[in-house]
Amino acid sequence: MGDIKRQKMDTGNPLEGLTPRAVSAKQVDGVMEGTNNPFNGQEFTSQYKSILQGRKQLPVFNQMQEFYDIFNKNQMMVMIGETGSGKTTQIPQYVAYSDFAHTKGKMIACTQPRRVAAMSVAKRVADEMDVSLGEQVGYSIRFEDLTTPGTTFLKYMTDGMLLREAMNDNTLSRYSTIILDEAHERTLATDILMGLLKEIVPRRPDLKLVVMSATLDALKFQNYFNNAPLLKVPGRTFPVETYYTEEPETDYVESAIRTVLMIHQAEDPGDILVFLTGSEEIEDACRKIKLEGDELERNYKGAVGPLLVVPLYSSLPPQQQTRIFNDAPEPRQPGGAPGRKVVVSTNIAETSLTIDGIVYVVDPGFSKQKVYNPRIRVESLLPTPISKASAQQRAGRAGRTRPGKCFRLYTENDFVSQLQEQTYPEILRCNLANTVLELKKLGINDLVHFDYMDPPAPETVMRALELLNYLGAFDDEGNLTPLGAIMAEFPLDPQLAKMLIVSPEFKCSNEILSLAAMLSVPNVFLRPESQRKEADDAKAQFTHPDGDHLTLLNVFHAFKANNGDGNWAWNNYLSHRALISADNVRLQLKRTMERFNLDLISTAFEDKHYYTNIRKAVVCGYFMQAAHREGAKGNTYLTIKDQQVVSLHPSTGLDTSPEFVVYNEFALTTKNFLRTVSAVKPEWLLSLGGEYFNLRTFQDGPLKRALMHAAEKRAGKKDDKKKRGGK
DNA sequence: GAGCACTGC
């Protein structure tokens, strides 16, 4: 027996002799340094060996034994690792060497808040483990599953994707260990996963949970996970010196511009990153910095170098986004002052995008954040002071390649006493309709007593329950209905899902599929400042007089009729990127429709009810987002029930001011606007809006009178039909 | 008569 075993060890699997979840760092190091890859049986390549030496330089490597001491003995643990610690790439591999998931038909999942991160980290780890991406190591994100069932045992995925999987596998039985990475970002999906896993863990003694975070807020995570043990790993970044202003600044954009110019004149070479809140502000600041920089260069010939000023925000076309990686300009003449790159960015540069070579950060201390007002059911974006954690993250961007400096455009006293410690988690700042539906589908029955790390406002949960009840997703006892169960399967807001599911009844599911896709992607209409007239003219060709929903559908149909051509889109002032994305979303939704045997049908385009049917299906999802014109004519409306005074957004193609409209979005900017609106008949609201349009619940007034009038007309028509039918 | 922080399914 002993001989056979020894023989196996020599020629067979290098993991032979290691006990799952009882391994030591020394054993694992031995396997890593061996000649054969235990996961695919092949000989390690020379590339593997050289990467391995780099891995051993990461701070986390020195703590591998410490990690195993905790991981092997505990079901849950918390890990704090700052930037550069190597936790995201290394910890999942350490788990793989302990779990032996590949021998048990299980997987290790590591979640990320963003798709690009899931993809790029998976690629890196596949290289480190000397396997092909998509085989032993893979990733799973929306629209792309690069894993091989039965072979993949380490899977990087978006947090939203794991949540989706949980809906059809309530104990996440496919996984041996789940690693929630970047938990400090507190995305909605990560928060729900944390609550869910806390419930699953007692029912799955074989499942381990590792929660990884970058902040020092470890205690909160530990407390939440029943005092789970903590492993702390240092980061590896360069020191950043922080400066504050003496006095508070009144105009932070102006102050940011002055700071950039000051750095350019007085500081050593190195690129600058400036954080502002939105695209308009950024474009404006870029112009001003460029102008003043050019002037400085003229006035101090040779002493001040040229500036390259680059804007960065997510709606910027990808080609322009890549300009942030261009090198700083060369000196104008040999021996002249060196040039400098200035990137003026939204929060996208805080977490999502890393720019090497940044040495100076200018931080005015604001970002746009989502806020939800459950009283009027409106989500809006407001420029808000950032948190200390966020300010630290911004400062850290200056120290990635060498020591840097961060200029905060607020006082030290404000930093200490005014900024909150952490940014409020998303779950406290947004509409929860979608989340509440997901939770029910996940089998959470008591939504109020669910163990949230930070419980949302009860009023926000109530609003969500109310909406889902009116839509028919929940019955009056708050239980998920069969309709609700299907709605939850669509990656859409409940209103869109409802509209899509009922669309076959209106013989327009092909069209509603396209519309739902168009409503799920960023705005397709481009309107460059210098070509507004041309852009508006281009849009006018698609405009349908009965509403913007139909206009969107016309755009999609035209896009498809032109074979998805990019030039066509460009010439018509449409975002090709958004249209491609809509096409992609449509395909995914179509597959979900097919999965539930929902018919894909259209009537002939010549059918006079073609567009009416579509608007009726829209009403089925959006009857709670309806408004009634105030007075006989004009642009002022009152939302139904909430009685908010609103105007149709100037971008609407509706110019007839119909008495009733439904809207896709309530935008709170310079004024209350309804964006993407369609004219509807009050009869439709009454017949398709269910209990929400129970007239007894309406206050007396012009709206109720108009609805009652419509109800009588409807009753009359019904009588007519009965009479005709009766004979 | 005007605006689009950022993600995710």
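Chain letters run A, B, ... following the sequence lines, proteins first, then strands; residues in each count from 1. What you see is a predicted model; the values in this text were computed from it and never measured.
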Describe the nucleic acid contact of [X] in one word from base, sugar-phosphate, nothing, applying a heavy-atom distance below 4.0 Å.
| X | result |
| --- | --- |
| Arg186(A) | nothing |
| Leu381(A) | base |
| Thr346(A) | sugar-phosphate |
| Asp536(A) | base |
| Arg527(A) | base |
| Ile141(A) | sugar-phosphate |

#### Entry: Options dC4(B), dT7(B), dG1(B), nucleotide nearest the side-chain atoms of Lys368(A)
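Given the options dC4(B), dT7(B), dG1(B), the side chain of Lys368(A) is closest to dC4(B).
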### Task
From the options dA2(B), dT7(B), dC9(B), select the nucleotide whose nearest atom is closest to the side chain of Ser651(A).
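Comparing dA2(B), dT7(B), dC9(B) against the side chain of Ser651(A), the answer is dA2(B).
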### Task
Take Tyr313(A) and Glu281(A) through the test side chain to side chain donor-acceptor pair (under 3.5 Å) and record every step on the way to the result.
CA-CA 11 Å; Tyr313(A) 45 89; Glu281(A) 206 175 79; over 6 Å; no
### Task
Before giving the answer on side chain to side chain donor-acceptor pair (under 3.5 Å), spell out for Thr190(A) and Thr187(A) the whole-Å C-alpha distance, their side-chain angles and the decisive distance to 0.1 Å.
CA-CA 5 Å; Thr190(A) 293; Thr187(A) 65; 3.1 Å; yes
### Task
Please state whether the base of dC4(B) and the side chain of Ser315(A) form at least one donor-acceptor pair under 3.5 Å?
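No.
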### Query
Should we count CD of Glu254(A) as having more than 12 external heavy atoms under 6.0 Å?
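Yes, enclosed.
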#### Entry: Whether over 12 other heavy atoms sit under 6.0 Å from Lys590(A) NZ
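Not more than 12 within 6.0 Å, no.
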Rounded distance (Å) that lies between atom [atom2] of [N] and atom [atom1] of [X]:
| X | N | atom1 | atom2 | answer |
| --- | --- | --- | --- | --- |
| Arg142(A) | dC9(B) | CZ | P | 7 Å |
| Leu382(A) | dC6(B) | CG | C1' | 15 Å |
| Leu439(A) | dC9(B) | CG | C1' | 14 Å |
| Phe673(A) | dG1(B) | CZ | P | 9 Å |
| Arg675(A) | dG3(B) | CZ | C1' | 6 Å |
| Asn523(A) | dA2(B) | CG | P | 17 Å |
| Gln369(A) | dA5(B) | CD | P | 13 Å |
| Asp191(A) | dT7(B) | CG | P | 19 Å |

### Query
Taking C-beta and beyond as the side chain, do Arg675(A) and Asn664(A) meet within less than 4.5 Å on heavy atoms?
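The answer is no; the side chains never approach within 4.5 Å.
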### Query
Are any of the side-chain heavy atoms of Pro385(A) and Gln418(A) separated by less than 4.5 Å?
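Pro385(A) does not reach Gln418(A) side chain to side chain.
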### Task
Take Pro491(A) and Lys370(A), find for each the nucleotide of DNA chain B with the closest heavy atom, and name the residue whose nucleotide sits nearer the 5' end.
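Going by which nucleotide is closer to the 5' end, it is Lys370(A).
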Is [X] near enough to [N] that one of its side-chain N or O atoms lies under 4.0 angstrom from OP1 or OP2?
| X | N | value |
| --- | --- | --- |
| Arg429(A) | dA5(B) | no |
| Ser314(A) | dC6(B) | yes |
| Ser279(A) | dA5(B) | yes |
| Thr158(A) | dC9(B) | yes |
| Thr670(A) | dG3(B) | yes |

